[in-house]
Amino acid sequence: MDKKKKVRNIFESIAFRYDILNHLLSFGVDFYWRKKAIQFSKIKKDALLLDVACGTGDFSIRARKDGINNIIGADFSFNMLKLYKEKSNLIDGRMVQMAAEHMPFKDNVIDNIIVAFGVRNFYDLQEGFNSFYRVLNNSGKATILEFRMPESKFFKSFYKFYFKRVLPVVGGVVSGNKEAYKYLPASVEEFDEKIIMPDLLRKSGFKKINVYTLTFGIVQVVVAEK
């Protein structure tokens, strides 16, 4: 529960600078990552899509551009959802405040779930994946876009330097919350060292799992089918 409160406080505080920092700190490549993740998902245009940890809605907007119109945004942060609502001219604006571990949906009702850079903030990742599996219909898919540590020693060294030295300074100045941008890179390294997502997804019941890497291995896309 301590992590649950910490994460909510962090994202409530940085919500109004979240977009500009995402695009600035990723040099704009985050748009490409979301586009590729949607392509890997092969989501049908008539699907009911749930964007978990939706933040301000960039993943939903990408899906909408690809012709997917039936979208629900879900996030634990009220401030993130306020910004998501402001972008409702680009998405349909339906949203729910919730924790991924306790989704207020019936079983087998969602066609696809997407989540970008959010699963490492779940307070109980296995329970979150169990919820994914429960609400997805048969043959439904969960698509997870997340950072990872690159395997190349050169890129790993550069990545760690950028994440630990540059990102906290820039993020702290722009957002006004330096501690938040210390937590974010630390959470990526800890997640990469301790979590093997395909194993947890299989434990939740997912049968077919594909893993893709992007941009020198600093980002992964995991597509799990029920």
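Nothing here was measured: the structure is a model prediction, and the numbers come from that model.
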Exercise for the section: Run the salt-bridge test on Lys160 and Glu189 with the 4.0 Å N-O cut-off and return the result as yes or no. Expected result: yes

Problem - Basic-acidic side-chain contact under 4.0 Å: Glu12, Arg8 - result: no

Handout entry: Arg34 with Asp30: basic N within carboxylate O range, under 4.0 Å
Key = yes

Handout entry: Heavy-atom pair of closest approach, residues Leu136 and Asp111
Key = CD2-O, 3.6 Å

Fill in the blank from the handout: Closest non-hydrogen atoms of Cys54 and Tyr84, given as atom of the first, atom of the second and distance, are SG-CD1, 3.6 Å

Exercise for the section: Treat each ILVMFWY residue as a node, draw an edge where side-chain heavy atoms are under 4.5 Å apart, and state whether Phe216 and Val29 are in one component. Expected result: no

Handout entry: Transitive ILVMFWY side-chain link Phe155 to Trp33, under 4.5 Å
Key = no

Exercise for the section: For the pair Lys87 and Asp58, find out whether any cationic side-chain nitrogen is under 4.0 Å from an anionic carboxylate oxygen. Expected result: yes

Handout entry: Polar side chain donor-acceptor pair, Glu225 to Ser139, under 3.5 angstrom
Key = no

Problem - Hydrophobic cluster membership, Phe31 vs Val115, 4.5 Å side-chain cutoff - result: no

Handout entry: Within one Ile-Leu-Val-Met-Phe-Trp-Tyr cluster: Tyr162 and Leu214, side-chain cutoff 4.5 Å
Key = yes

Exercise for the section: Give a yes or no on whether the ring-centroid distance for Phe129 and Phe132 is below 6.0 angstrom. Expected result: yes

